[in-house]
Amino acid sequence: MLMVLLQGAQHFVVDERHFEIDAGTEEASSPVVFMLNVAKDSRLRFFNDSRTPLRKVMISAPLPWLQRLFDTQGEAQKSVLQSFFSQHLAHFSFEPGQHIVQSAQKIMHPPPALEGELSSLYLRAQGLDLMWQSLLTMLADRKEHLPAPTLMSLRYCERARDFVIGNLDRELTIGLIAREVGCSASTLQRHFKTHFGMTVFDFIRQKRLEAARTALADDGIPISHAAHLAGYNNISSFTTAFRRAYGVTPKQVRV
């Protein structure tokens, strides 16, 4: 079970064990990610004793999916994951970066134009991304089980990811991003795809397309402005890329 608590406090009990998570108020929020492994049939009870309205996302992953995940990892990473998921009520919490917070917000506020299977696929993709990013964070935290180069490159790549998200309106180059996170351009390029499954430029393109989609759906900006926001000079190229990414055209998303 994975909970992203963006605001408010959550109190729940599993098998008579109490857990309390607090993300603060709307004026002074501090988001929290809480992972809990429920390894056997259990009784779960939630208590609504928070005066601050809750803003949260909860997802879960079945053991067969996690087992397939173990099989794709190296021995050190597999050892950390198997240790965590073999213990009933093992838990891990951390303060999320911008990427996880944005993924949670996308689940809470999916694009209104998506319906049926497309909507289900969109929510599932965001949920899997949340699980993946959270497990990566746990692996980095259990650093004594990870080779030093792997841990170091993961931290560089996480900083690069958050820098990109916070600076989409700037002209982003590999050199600029590498200088900001404190590593060489070749190191960043080599390890980013290993950790996140895409190149730095693919990630930048994805995030700019997401920003354009949000602006179209929420603000109804002109398609030409959305194309510029996504980094495209040609509306036709933007439309093609948008349709390939989301299965619909910008016009269908625009309010």
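Scope of the values below: all heavy atoms of this structure, side chains included, with no hydrogens, waters or symmetry mates. Quick note: residue numbers are just sequence positions, from 1.
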Original post:
Going through the checks in order, is the side chain to side chain contact (heavy atoms under 4.5 Å, CB included) test met by His228 and Phe238?
Top reply: CA-CA 9 Å; His228 177 74; Phe238 169 63; over 6 Å; no
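- Phe12 and Phe34 have perpendicular rings, their planes meeting at more than 60° on a 0 to 90° scale where under 30° would count as parallel.
- With values rounded to the nearest 0.5 angstrom, Met35 atom CE is found 9.0 Å from Ile59 atom CD1.
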Original post:
Going through the distances and angles, do Thr239 and Ser236 end up as a side chain to side chain donor-acceptor pair (under 3.5 Å)?
Top reply: CA-CA 5 Å; Thr239 300; Ser236 176; over 6 Å; no
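- Both Leu188 and Phe201 are members of a single hydrophobic cluster when ILVMFWY side chains are connected at heavy-atom separations under 4.5 Å.
- A donor-acceptor pair is defined here as one N or O able to donate and one able to accept, closer than 3.5 Å; no such pair exists between the side chain of Arg243 and the backbone of Thr249.
- Within 6.0 Å of CG on Asn233 lie no more than 12 heavy atoms contributed by other residues, nucleotides or ligands.
- In this structure the side chain of Val57 never reaches within 4.5 angstrom of the side chain of Gln126, judged on heavy atoms.
- Connection of Phe196 to Phe203 is established within a shared hydrophobic cluster, with ILVMFWY side chains joined at heavy-atom distances below 4.5 Å, either directly or through further cluster members.
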Original post:
After noting the C-alpha distance and the side-chain angles of Phe19 and His91, does the key distance pass the ring pair (Phe, Tyr, Trp, His ring centres under 6.0 Å) rule?
Top reply: CA-CA 10 Å; Phe19 296 94; His91 57 280; 5.4 Å; yes
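- Looking at Glu180, its side chain never comes within 3.5 Å of a backbone N or O of Phe163 through a donor-acceptor pair.
- Here His191 contributes atom NE2 and Cys157 contributes atom SG; the two are 7.0 Å apart, rounded to the nearest 0.5 Å.
- Summarising the geometry, atom OG1 belonging to Thr199 is positioned 8.5 Å from atom CD belonging to Gln189; distances are rounded to the nearest 0.5 Å.
- Side-chain contact between Ser134 and Thr137 is absent, with no heavy-atom pair separated by less than 4.5 Å.
- Asn234 places a side-chain N or O within donor-acceptor distance of the main-chain N or O of Ser237, the cut-off being under 3.5 Å.
- Distance check, rounded to the nearest 0.5 Å: CD1 of Ile174 to CZ of Phe192 gives 8.5 Å.
- For CZ of Arg124, the number of neighbouring non-hydrogen atoms (other residues, nucleotides, ligands) closer than 6.0 Å is 12 at most.
- Distance alone, capped at 3.5 Å, places no donor-acceptor pair between the Asp129 side chain and the Ser103 backbone.
- Distance NE2/His88 to CG/Asp41: 9.5 Å, rounded to 0.5 Å.
- Val80 and Val33 end up in the same hydrophobic cluster when Ile, Leu, Val, Met, Phe, Trp and Tyr side chains are linked at under 4.5 Å.
- When the shell of 6.0 Å around CZ of Arg45 is examined, it contains more than 12 heavy atoms from other residues, nucleotides or ligands.
- For the ring pair (Phe, Tyr, Trp, His ring centres under 6.0 Å) test, residues two or more places apart in sequence or in another chain that qualify with Phe92 are Phe94.
- Between Phe47 and His18, the ring planes are parallel. Angles under 30° get that label, and only those over 60° would be called perpendicular.
- A cation-pi arrangement is absent between Arg213 and Phe242 under the rule of less than 6.0 angstrom and at most 45 degrees off the ring axis.
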Original post:
Can Ile21 and Lys56 be said to form a side chain to side chain contact (heavy atoms under 4.5 Å, CB included), step by step?
Top reply: CA-CA 11 Å; Ile21 313 160; Lys56 71 175 184 179; over 6 Å; no
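- One hydrophobic cluster, built from ILVMFWY side chains closer than 4.5 Å, cannot hold both Phe85 and Leu36; they sit in different ones.
- Atom OG1 of Thr173 sits about 7.0 Å away from atom CD of Glu171, to the nearest 0.5 Å.
- Hydrophobic clustering (ILVMFWY, side-chain heavy atoms < 4.5 Å, transitive): Leu44 and Leu5 are in one cluster.
- Of the possible polar contacts, one joining the Arg254 side chain to the Ile221 backbone as a donor-acceptor pair under 3.5 Å is found.
- Put simply, the side chain of Arg208 gets close to the backbone of Leu168: a donor and an acceptor are under 3.5 Å apart.
- Not a single donor-acceptor pair under 3.5 Å links the side chain of Ser83 to the backbone N or O of Leu81.
- By the side-chain hydrogen bond (donor to acceptor under 3.5 Å, both in side chains) test, Glu210 pairs with Lys106, Lys207, sequence neighbours left out.
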